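Can you keep this structure in mind? I'll have questions shortly.
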Amino acid sequence: MVASPVPVPLKTNYADTFWCTYCVSVIAASIAEVVTYPLDLTKTRLQIQGELAATKHASMNSTPYRGMVQTALGIAKEEGFLKLWQGITPAIYRHVIYSGIRIVSYETLRDKVLKKEPDGFFPLWVHSPWDAFSQILARGGVRGLWKGSIPNVQRAALVNLGDLTTYDTAKRFILTHTSLTDNHFTHILSSICAGLVAATMGTPADVVKTRIMNQPTDSKGNGLVYKSSVDCLMKTVQNEGLFALYKGFLPVWIRMAPWSLTFWLSFEQIRFMLGATGF
């Protein structure tokens with residue numbers, strides 16, 4: 001009588017583990033940051049330049065307004081080429097925590113949701129920003145959207161909701177409804193969609209964040225123009241209209257689109273080289 005073979009437990013691929021995914025996320029984000037950081041620095045210079053021109057009427061001509069390309073070339077010519085990467089080290093340090101956590105957290109939550117779906121697929125509205133907003137509004141009202149948050153955290157939340165869910169959904173849609181495979185072209189198409197949606201969702205919060213950070217403060221550090229993010233949002237819409245929330249959309253998108261493209265291509269390629277499953 002032949003004894004039945006003892007079942008061998010399946011080994012977990014190290015490339016799909018929590019820490020490997022975390023490290024890959026940090027590496028991919030660092031690559032994207034190095035490639036696109038000059039765009040962020042240029043955008044910041046333009047925002048500061050515009051603010052100075054608006055407040056210092058007497059010396060407005062001493063600070064000429066230049067577009068993104070001219071500003072970047074001016075920085076490289078006047079201050080040195082490497083000046084375009086000034087401050088890159090703290091930005092990379094930030095991704096050691098920020099990007100690693102956002103990817104592994106999203107992937108974990110997504111996999112838990114997928115396990116509950118019989119066909120292994122779920123519609124966008126089940127795990128999307130709109131569903132999150134509706135639940136927050138139902139529980140805490142409009143103020144609940146800003147409760148316990150600061151402008152930078154609000155922007156990061158909106159950008160992540162737009163970037164992660166759109167990339168994931170777009171990629172799954174392409175693989176399911178077209179003949180394309182899980183290759184670079186699919187990653188490029190998905191990241192283009194992700195960058196556009198992330199910029200669309202993040203620009204209003206970016207406007208609010210910039211205005212709050214640049215407003216004058218009293219001796220106690222309290223803002224003299226806006227009391228909070230909600231106050232800034234309401235005053236901006238009342239005084240300048242709804243479209244004022246999308247001022248600077250183009251620079252934000254120009255910065256965010258290549259960042260998203262570089263990150264997702266690097267992330268998927270590194271995972272593939274390590275033998276991990278697709279995102």
Side-chain angles (χ1 to χ4, degrees), residues 11-41 43-44 85-115 122 127-129 132 148-172 182 184 186-188 190-199 201-202 205-206 209 252 255-279:
K11 294 183 179 179
T12 303
N13 186 355
Y14 80 97
D16 288 321
T17 60
F18 173 91
W19 286 112
C20 186
T21 303
Y22 187 97
C23 292
V24 171
S25 303
V26 173
I27 294 172
S30 299
I31 294 173
E33 195 68 32
V34 171
V35 171
T36 64
Y37 190 79
L39 293 174
D40 191 51
L41 179 67
K43 184 198 75 169
T44 302
W85 280 270
Q86 184 181 23
I88 186 66
T89 303
I92 293 178
Y93 287 162
R94 167 177 171 266
H95 286 296
V96 173
I97 299 175
Y98 172 73
S99 291
I101 291 177
R102 80 183 188 117
I103 294 296
V104 295
S105 297
Y106 175 79
E107 193 171 33
T108 301
L109 292 172
R110 181 198 63 186
D111 292 343
K112 287 183 178 181
V113 173
L114 286 176
K115 288 180 180 179
F122 62 96
H127 191 58
S128 70
S149 301
I150 58 176
N152 203 31
V153 175
Q154 296 159 5
R155 176 186 176 277
L158 290 170
V159 169
N160 277 299
L161 283 169
D163 184 38
L164 294 175
T165 57
T166 302
Y167 181 86
D168 192 18
T169 303
K171 181 180 175 182
R172 289 173 180 273
D182 192 356
H184 287 328
T186 299
H187 302 161
I188 292 173
S190 303
S191 60
I192 289 174
C193 295
L196 179 60
V197 174
M201 294 187 64
D206 193 56
K209 181 198 72 171
V252 171
R255 150 71 164 156
M256 198 167 294
W259 195 98
S260 180
L261 177 63
T262 307
F263 171 80
W264 287 114
L265 283 176
S266 301
F267 181 73
E268 295 273 19
Q269 182 62 34
I270 295 173
R271 283 172 65 93
F272 174 78
M273 293 171 60
L274 294 175
T277 56
F279 182 75

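Predicted, not measured: the structure shown is a model, and the values here were computed from it.
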Quiz item: Can you say whether the rings of Trp264 and Tyr167 are parallel (under 30°), tilted (30 to 60°) or perpendicular (over 60°)?
Solution: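 The rings of Trp264 and Tyr167 lie parallel, inter-plane angle below 30°.
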Quiz item: Strictly by modelled atom types, are His187 and Gln269 linked by a side-chain donor-acceptor pair under 3.5 Å?
Solution: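 Looking only at side-chain atoms, Gln269 and His187 do not form any donor-acceptor pair under 3.5 Å.
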Quiz item: Measuring from Leu164:CG to Ser260:OG, what's the distance to the nearest 0.5 Å?
Solution: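 Taking CG in Leu164 and OG in Ser260, the distance rounds to 9.0 Å.
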Quiz item: Does the pair Val34 and Thr262 meet the rule for a side-chain contact (heavy atoms from CB on, under 4.5 Å), with working shown?
Solution: CA-CA 10 Å; Val34 171; Thr262 307; over 6 Å; no
Quiz item: Going through the distances and angles, do Trp19 and Val104 end up as a side-chain contact (heavy atoms from CB on, under 4.5 Å)?
Solution: CA-CA 9 Å; Trp19 286 112; Val104 295; over 6 Å; no
Exercise. For Tyr22, enumerate each residue passing the side chain to side chain donor-acceptor pair (under 3.5 Å) test, keeping only those at least two apart in sequence or located in another chain.
Key: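 If we apply the side chain to side chain donor-acceptor pair (under 3.5 Å) test to Tyr22, skipping adjacent residues, there are no hits.
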Quiz prompt | Met256 CE to Leu196 CG distance, which is reported to the nearest 0.5 Å | solution =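 Separation between the atoms: 10.5 Å.
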Self-check item: Rounded distance [0.5 Å steps], SG in Cys23 versus CD1 in Ile103
Solution: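 CD1 of Ile103 is found 13.5 Å from SG of Cys23.
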Exercise. Taking all non-hydrogen atoms of both residues into account, name the closest pair between Ser191 and Leu261 and its distance.
Key: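 Where Ser191 meets Leu261 most closely, the heavy atoms are OG-CD1, 3.0 Å.
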Quiz item: Can you check side-chain contact (heavy atoms from CB on, under 4.5 Å) on Ile27 and Ser266, steps first, answer last?
Solution: CA-CA 8 Å; Ile27 294 172; Ser266 301; over 6 Å; no
Practice problem: Decide whether Tyr106 and Asn160 meet the rule of one side-chain donor and one side-chain acceptor closer than 3.5 Å. | Solution: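 Tyr106 vs Asn160: no donor-acceptor pair found between side chains.
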Exercise. Measure the spacing between CG of Leu41 and OG1 of Thr36 and express it to the nearest 0.5 Å.
Key: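 Those atoms lie 11.5 Å apart.
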Quiz prompt | Glu268 and Lys171 ion-paired at < 4.0 Å | solution =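 Salt bridge flag = yes for Lys171 with Glu268.
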Quiz item: Is there side-chain contact between Cys20 and Leu274, with heavy atoms separated by less than 4.5 Å?
Solution: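 In contact.
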Exercise. State, yes or no, whether a side-chain contact exists between Val197 and Asp163 at a heavy-atom distance under 4.5 Å.
Key: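 Answer no - side chains too far apart.
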Practice problem: Starting at OG1 of Thr186, measure out to CZ of Arg172 and round the result to the nearest 0.5 Å. | Solution: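 So the OG1 of Thr186 and the CZ of Arg172 are separated by 13.5 Å.
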Practice problem: Grab the two heavy atoms, one from Ala91 and one from Tyr37, that are nearest each other, plus how far apart they are. | Solution: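 Minimum heavy-atom contact is CB-CE1, 4.1 Å.
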Practice problem: Check whether more than 12 heavy atoms from other residues, nucleotides or ligands sit under 6.0 Å from atom CZ of Phe18, and answer yes or no. | Solution: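 Atom CZ in Phe18 is packed in, count exceeds 12.
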Exercise. Would you please name every residue forming a salt bridge (Lys or Arg N to Asp or Glu O under 4.0 Å) with Glu33, sequence neighbours left out?
Key: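 By the salt bridge (Lys or Arg N to Asp or Glu O under 4.0 Å) rule, Glu33 matches Arg255.
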Quiz item: Looking only at heavy atoms, what is the nearest atom pair of Val26 and His95, with distance?
Solution: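 Shortest heavy-atom contact: CG2-O, 3.6 Å.
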Quiz prompt | Whether Phe263 and Phe267 hold their rings parallel, tilted or perpendicular, with breakpoints at 30° and 60° | solution =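 Rings of Phe263 and Phe267: parallel, as their planes differ by under 30°.
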Quiz item: Minimum heavy-atom separation for Ser25 to Gly100, with atom names?
Solution: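 Heavy atoms only, the tightest pair is CB-CA, 4.0 Å.
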Practice problem: Indicate the atoms forming the closest heavy-atom contact of Gly162 with Thr166, along with that distance. | Solution: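 Heavy atoms only, the tightest pair is O-OG1, 2.5 Å.
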Quiz item: Which heavy-atom pair separates Ile92 from Ser30 by the least distance, and what is that distance?
Solution: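 Scanning both residues, the minimum pair turns out to be CG2-OG, 3.6 Å.
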